[in-house]
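Encoded as structure tokens, the structure appears first; notes follow it.
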Amino acid sequence: MAQDYIVKDISLAEFGRKELDIAETEMPGLMALREEYGEAKPLKGARIVGSLHMTIQTAVLIETLVKLGADVRWASCNIFSTQDHAAAAIAAGGTPVFAVKGQSLEEHWDYLDRSFQFPEGANLILDDGGDATLYVLLGARAEAGEDVLGVPGSEEEEVIFNQIRKRMAESPGWFTRTRDAIKGVSEETTTGVHRLYDLHKKGQLPFPAINVNDSVTKSKFDNKYGCKESLVDGIRRATDTMMAGKTAVVCGYGDVGKGSAASLRGAGARVKVTEIDPICALQAAMDGFEVVRLEDAVATADIFITTTGNKDVIRLEHMREMKDMAIVGNIGHFDNEIQVASLRNMKWTNIKDQVDMIEMPNGNRMILLSEGRLLNLGNATGHPSFVMSASFTNQVLAQMELWTNAGAYGNEVIILPKHLDEKVARLHLERIGVRLSELNPEQADYIGVTVEGPFKPEHYRY
Ligand code: NAI
């Protein structure tokens with residue numbers, strides 16, 4: 001049989017395996033699920049398409065899904081985020097994976113298509129940012145005769161439309177059949193979750209979706225504490241710049257913004273924040289950050305980081321005002337937070353992979369990280385294993401729920417129940433030596449909970 005994977009270099013598998021073994025010691029949630037469900041194999045029969053950064057931590061997730069009985073095929077959800085040794089280890093272990101660090105956009109969408117090609121068809125999606133879901137739903141709408149592959153709004157959209165046309169020509173009806181066979185999707189990140197709620201609002205969500213991002217043990221940990229470690233890691237690996245004493249601007253003070261601002265402060269930078277939401281702006285101010293408008297800080301700051309999940313946050317007009325050798329990067333999901341397209345006709349000098357120096361018309365130079373794609377995964381290796389264990393434990397629980405119980409839900413977006421959120425947290429306590437206190441029945445009764453939990457009402461915000 002022809003080889004069913006695309007990786008940079010399969011001989012990296014041994015290195016990948018060594019790092020996987022280390023990561024397992026830092027991912028107690030996933031290892032506990034292997035222990036609890038490895039024998040029962042609750043995912044037997046599930047054919048899961050994964051579209052999520054192909055890192056070492058993701059490799060531990062994939063092997064957990066396989067140990068629980070699933071068949072898995074995988075692509076990365078970003079052209080720069082793959083760790084080639086992780087991909088090689090997964091391919092060598094027999095799971096088809098299509099991911100190379102630095103793949104082109106055309107390859108990216110081709111690889112996503114390949115990850116769907118189970119002989120008997122896929123029946124579950126594990127998504128990060130919503131591209132796998134988008135691919136199937138857009139293709140099915142095109143097959144139904146809707147005019148959705150018209151004039152592309154961006155270079156990437158053109159690539160997506162071409163890939164959909166290619167699949168439609170090769171296998172007529174494939175998108176519709178695939179959509180109808182999918183039992184559900186679990187979504188990893190804020191941006192993908194926005195897309196799912198939007199689909200639901202428009203009546204276009206054809207299966208149940210589990211919003212993994214808004215498990216407390218995901219967004220309040222990965223988005224925050226994860227970025228706290230991985231943002232500065234990315235800037236340092238890319239530039240080796242001295243951060244202490246520099247002025248940094250963080251655009252957005254949501255979960256990722258809070259972690260990012262803390263990351264830069266921890267490195268000794270003087271941090272300013274921009275926000276559009278008065279609540280988050282007030283939080284930033286009371287956390288001790290100066291809250292400014294970008295135009296007021298743009299000429300004096302040294303480092304600019306977008307964390308908003310919004311588009312056109314750093315625009316050409318801002319980049320023109322920046323001082324010589326300003327560093328600009330994004331840690332939000334998509335690259336449209338910074339108007340990178342508007343820089344294409346300027347002079348680019350590639351410094352090394354995922355680091356470019358761009359000369360502005362006034363002669364000032366700017367260092368752009370990962371071409372505006374999420375820099376903690378493009379320039380570094382993403383979040384540490386321990387925090388990803390919490391995220392991915394939620395993912396596995398979500399996949400199990402969809403596979404065994406999708407019929408209990410309508411075509412809606414749901415969040416895992418709080419007792420599972422608390423279970424995920426509990427699984428991570430021992431590894432870092434936490435001794436949890438216990439309620440006695442009188443205390444539990446007094447605050448209106450049970451001794452076993454859940455310990456907070458749904459509206460509690462942590
Ligand atoms: P969030 O919704 O908690 O925070 C975004 C914040 O940006 C909000 O407070 C919002 O008011 C603010 N904002 C929106 N437009 C703005 C503008 N024009 N100027 C200033 N502020 C603005 O979302 P979260 O969870 O922090 O995620 C942000 C992005 O990061 C998403 O795209 C998400 O998918 C991505 N993400 C990336 C990770 C990584 O490892 N790189 C990890 C987790 C999430």
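Quick caveat: nothing in here was measured; it's all calculated off a predicted structure. All ligand and atom numbering here is 1-based and tracks the order in the structure. The basis for the numbers below is simple: all heavy atoms, side chains too, and nothing from hydrogens, waters or symmetry mates.
Judged as a salt bridge (charged side-chain N to carboxylate O under 4.0 Å, His left out), the pairs with a partner in residues 287-314 (not counting sequence neighbours) are, in order, Asp302-Lys323.
The atoms of ligand 1 that sit less than 4.0 Å from any heavy atom of Thr307 are 5 (C), 28 (C), 29 (C). Shown in contact with His383 at under 4.0 Å from a heavy atom are these atoms of ligand 1, numbered in order with element: 40 (O), 42 (C). Near Gly252, the atoms of ligand 1 lying under 4.0 angstrom from a non-hydrogen atom of the residue are 7 (O), 20 (C), 21 (N). Counting atoms of ligand 1 from 1 in the listed order, those under 4.0 Å from a heavy atom of Asn376 are 39 (C), 40 (O), 41 (N). Near Cys280, meaning under 4.0 Å from any of its heavy atoms, are these atoms of ligand 1: 9 (O). Ligand-side atoms of ligand 1 in range of Thr189: 33 (C), 34 (O), 35 (C), 36 (N), 43 (C), 44 (C), range being under 4.0 angstrom from any heavy atom. Interface of Asp277 with ligand 1, defined as ligand atoms under 4.0 Å from a residue heavy atom, comprises 11 (O). The distance from ligand 1 to the heavy atoms of Ile331 drops below 4.0 Å at these ligand atoms: 30 (O), 37 (C), 38 (C), 39 (C), 41 (N).
Among protein heavy atoms, the minimum distance from atom 7 (O) of ligand 1 is reached at Thr308 CA, 3.5 Å.
By the 3.5 Å distance cut-off applied to N or O atoms, Asp255 is counted among the residues near ligand 1. Residue contacts with ligand 1: Glu275 is placed with a nitrogen or oxygen under 3.5 Å of a nitrogen or oxygen of the ligand (distance criterion only). Between Glu337 and ligand 1, not a single N/O pair is under 3.5 Å apart. Where the criterion is an N or O separation shorter than 3.5 Å, residue side chain and backbone included, Leu374 fails it with respect to ligand 1. Residue contacts with ligand 1: Thr191 is placed with a nitrogen or oxygen under 3.5 Å of a nitrogen or oxygen of the ligand (distance criterion only).
Salt-bridge formation is detected for the pair Asp233/Arg237: a Lys NZ or Arg NE/NH1/NH2 atom is positioned less than 4.0 Å from an Asp or Glu carboxylate oxygen. Ion pair Arg373/Glu371 not flagged as a salt bridge, since none of the NZ, NE, NH1 or NH2 atoms sits closer than 4.0 Å to an Asp/Glu carboxylate oxygen. Looking at Asp198 and Lys202, a side-chain N of the basic residue comes within less than 4.0 Å of a carboxylate O on the acidic one, giving a salt bridge.
Heavy atoms of Ser219 come nearer than 4.0 angstrom to ligand 1 in no pair at all.
In this structure a side-chain-to-backbone donor-acceptor pair under 3.5 Å is present from Glu412 to Gly410.
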Given Phe455 and Tyr460, is the ring-ring contact (aromatic ring centres under 6.0 Å, His included) satisfied, shown in steps?
CA-CA 10 Å; Phe455 300 101; Tyr460 187 77; over 10 Å; no

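Inspection of the Thr217 and Asn394 side chains reveals an N or O donor paired with an N or O acceptor under 3.5 Å.
Residue Trp109 forms a side chain to side chain donor-acceptor pair (under 3.5 Å) with just one option from Gln163, Gln103, Glu156, and that option is Glu156.
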